[in-house]
Amino acid sequence: MADTTAAPEQMQFQTEVKQLLQLMIHSLYSNKEIFLRELISNGSDACDKLRFESMQDAALLAEDPELKLRVSVDKAARTITVSDNGIGMSREEVIHNIGTIARSGTKEFLTRLTGDDAKDSRLIGQFGVGFYSAFIVADQVTLVSRRAGAAPDSAVRWQSSGDGNYTIQAAGNAPRGTSVTLHLREGEDELLETWRLHGIVRRYSDHIQLPIVGEVVAGEDGKELKEEVLNQASALWARAKSDISDEQYREFYKHVAHDYDEPLAWSHARVEGRQEYTELLYVPGRAPFDMWDREPRHGVKLYVKRVFIMEDAKKLLPHYLRFVRGVIDSNDLPLNVSREILQESRDIDAIRAGCTKKVLGLLEDLARDQADKYRTFWAEFGQVFKEGAGEEHANREKWAGLLRFATTRSEGPEGQVSLADYIAAMKEGQDRIWYVTAESWNAARNSPHLEVFRKRGIEVLLLTDRVDEWVVSHLEEFQGKQLASVARGDLDAAALPGSEPQDAEQHKDDDAQLARLRETMASALGERISAVRISHRLTESPACVVVPEGAMSAHLARMLKAAGQQVPKEKPILEINPDHPLIQRLDAESDVALVGEWSQLLLDQSVLAEGGTLDDPASFVRRLNALLLKA
């Protein structure tokens, strides 16, 4: 490798990278081995990218067609070098990928730190900051890279001691790809031992499908020992399941998902028929940091005949399963497959359908056989999984059966009641799955709309996630039972389980006796409401507001309004409780003006009780104060 006489240019890391380097240097020593796994993983990705680009330009591979990784040690110099002959980087790419946080997720990484070295070290791969883990064991890191297709003398050298600065300069002639040389810190000599370094490779990187060559240079004479392939160098997913241990499955997950935690479960199968493909799909143990980003990374990787095609093939699984990680390797797709072909291919549609069923089946097994793991899954991915309400039609019943909710019988907001469990616990004569939507669990469980259901012992789903309105608007029934809101339409309490025959007659009597009061209240409230009627759902509160059957719920209207959407004005219905002392007092009151003031106050209270906001809170406070003074 020829050096250059050009002076190196000194540059500074971004602020977040400086913080990260200090963390690597001074804190994260609990698992020093991670640096080698990360550098090998980066090199493997670089080779995959070159293989893909070479489909369009075969000349990129001509210089060195056999892709591989190399790990070498120089005991005399106390260095470890990890190199690849992959895609390489230009000067601009080196600055962009290593000197900034644009692609590393460093800033997000720093916000997740706990102060526990063991836990924090596991975050490194997940946030794409693996390159910086080299500074855990090295006090100086030198990177030399030349991009595929660039002139032989266009290589660039990057060097840093982790002090917040780095130098970059032309490196003259260099082979295609990237080499990273670590100058070890004092006390890290154990890593210079061949058995130690090669053991780390075999433990963590045996699944890499490219050969990882071990090379040891020892002594002052620079004698080169025999090279040795350290890993099996075959695609793990192409092996027979019986030949793969659970530990190998877990290590491959950590490589493909860039995660240091173990997966909850995985599915490995070879599908034969009209389409032939192999899938190895994982359900992670926790949500990735970018799950809510518009462009999340590290999804399912697409291979064709073991040739890497695409990093994040979004068309291979529906969007609501975007948390799934793994590999799909097809025998039928063309090697030069493009994103346009992915969008229009019937073969891709068949693979998508098959993999979706596999994932849902895997989750069903988890829910049935490992309830604790499924609770973990739901806590991490439940809100994302619910997004399937609008896109999962082929497997609607299977998808709906995996949903979990808090209910009025739950001890906390982390409810784990399935719709099947709800139906199994239904009271005799109950023909609907009842639910209430609200901003929070406390608001839902204390909603006045639940009073008659609580009195009759009828379980109600408490829906407090923003996506829940989306779910109930698309999921109209489950196992023949219709989903119904407790806050919508005219509830016939006499038809609920636990009602007495005389209840229906009592409702008619209440309606007739309070006709005058209802008319007075409706007149006082005017355009604020559409009607005043006797409530069949209240047992403790004096009044509540409901929306007509088929109308948008008040909770959904508030969410859309907060998002800046135009929402049509829907006049609520005010329902009054004929057995409440306040309503009885109003019925006996002869002062029409006073009844009007109480009516306004009751409507405002009802809006607040169901989580709404008042258009004129100052008037509400004035009325309340005036009535308190009269009390």
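Side chains are part of it too, since the values below use all heavy atoms of this structure and drop only hydrogens, waters and symmetry mates. Along the sequence shown, residues carry numbers from 1. Here the structure is a predicted model, which means the values were calculated and not measured.
Distance check: Lys315 NZ to Ile351 CD1 gives 14.0 Å after rounding to the nearest 0.5 Å. Once rounded to the nearest 0.5 Å, the distance linking CZ of Arg432 with CG of Leu496 reads 9.5 Å. Separating the OG atom in Ser485 from the CD1 atom in Ile433 is a distance of 13.5 Å, to the nearest 0.5 Å. Separation of atoms OG (Ser523) and CZ (Arg518) is listed at 14.0 Å; rounding is to 0.5 Å. Thr437 contributes atom OG1, which lies 4.0 Å from atom CD of Glu469 (distance to the nearest 0.5 angstrom). With values rounded to the nearest 0.5 angstrom, Tyr435 atom OH is found 12.0 Å from Leu419 atom CG.
Ionic pairing of Glu380 and Arg286 is not present here: no N-O contact between side-chain nitrogen and carboxylate oxygen is shorter than 4.0 angstrom. A salt bridge links Arg250 and Glu262; the closest N-O separation between the charged side-chain nitrogens and carboxylate oxygens is under 4.0 Å. The pair Lys481-Asp431 fails the salt-bridge criterion, with no side-chain N (NZ, NE, NH1 or NH2) lying under 4.0 Å from an Asp/Glu carboxylate O. Between Asp365 and Arg368 there is a salt bridge, since a side-chain N of the basic residue sits under 4.0 Å from a carboxylate O of the acidic one.
The two residues Ile328 and Cys355 make their nearest non-hydrogen contact at CD1-SG, 3.4 Å.
Between the side chains of Arg466 and Gln383, no donor N or O sits under 3.5 Å from an acceptor N or O. One side chain, Thr407 or Glu459, offers a donor N or O that lies under 3.5 Å from an acceptor on the other. A donor-acceptor contact closer than 3.5 angstrom is absent between the side chains of Glu439 and Thr464.
Using cut-offs of 30° and 60° on the angle between ring planes, the pair Tyr282 and Tyr253 is tilted. Between Tyr320 and Trp399, the two ring planes are perpendicular [angle over 60°; tilted spans 30° to 60°].
Counting only distance, with no hydrogens or angles, the side chain of Arg396 and the backbone of Ala389 share a donor-acceptor pair below 3.5 Å. A donor-acceptor pair under 3.5 Å links the side-chain atoms of Arg322 to the main chain of His319, judged by distance alone.
Counting heavy atoms from C-beta outward, Leu402 and Trp378 have side chains that stay 4.5 Å or more apart. Between Arg488 and Val546 the shortest side-chain heavy-atom distance does not fall below 4.5 Å. Residues Lys386 and Leu403 form a side-chain contact, since some pair of their non-hydrogen atoms from C-beta on lies under 4.5 Å apart. Contact annotation: the side chain of Val256 never approaches that of Val300 to less than 4.5 Å [non-hydrogen atoms, C-beta and beyond]. Residues Asp329 and Leu280 form no side-chain contact, since every pair of their non-hydrogen atoms from C-beta on lies 4.5 Å or further apart.
More than 12 non-hydrogen atoms from other residues, nucleotides or ligands lie less than 6.0 angstrom from CZ of Arg533. For CG of Asp615, the number of neighbouring non-hydrogen atoms (other residues, nucleotides, ligands) closer than 6.0 Å is 12 at most. Annotation for Lys358: atom NZ does not count as buried by contact number, only 12 or fewer foreign heavy atoms lying within 6.0 Å. The local environment of CD in Glu397 is crowded, with over 12 non-hydrogen atoms from other residues, nucleotides or ligands closer than 6.0 Å. In Glu477, the CD atom is crowded: over 12 heavy atoms of neighbouring residues, nucleotides or ligands sit closer than 6.0 Å. In Arg585, the CZ atom is not crowded: 12 or fewer heavy atoms of neighbouring residues, nucleotides or ligands sit closer than 6.0 Å.
Under the 6.0 Å cut-off for aromatic ring centres, Trp434 and Phe453 qualify, their centroids lying closer than that. When ring centroids are compared, Tyr374 and Phe377 come within the 6.0 Å threshold.
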Exercise for the section: Quick one: do Asp616 and Arg623 satisfy salt bridge (Lys or Arg N to Asp or Glu O under 4.0 Å)? Show the steps, please. Expected result: CA-CA 11 Å; Asp616 189 0; Arg623 288 192 188 96; over 6 Å; no
Practice task
Test Phe385 against Phe381 for ring-ring contact (aromatic ring centres under 6.0 Å, His included), laying out the working first.
Solution key: CA-CA 6 Å; Phe385 189 79; Phe381 303 107; 9.9 Å; no
Practice task
Would you please test Asp587 and Arg516 for salt bridge (Lys or Arg N to Asp or Glu O under 4.0 Å) and show each step?
Solution key: CA-CA 8 Å; Asp587 187 42; Arg516 182 182 61 83; 3.7 Å; yes
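For residues 420-430, the side-chain hydrogen bond (donor to acceptor under 3.5 Å, both in side chains) pairs, not counting sequence neighbours, are Ser418-Asp421, Tyr422-Gln430.
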Just list the side-chain donor-acceptor pairs under 3.5 Å for residues 537-544, sequence neighbours left out, or say none.
residue	atom	partner	partner atom	Å
Arg537	NE	Glu575	OE1	3.0
Arg537	NH1	Val486	O	2.3
Arg537	NH2	Gly489	O	2.5
Arg537	NH2	Glu575	OE2	3.2
Ser541	OG	Glu451	OE2	2.5

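Partners of Pro578 under the side chain to side chain contact (heavy atoms under 4.5 Å, CB included) rule, at least two apart in sequence or in another chain, are Asp510, Leu514, Ile534.
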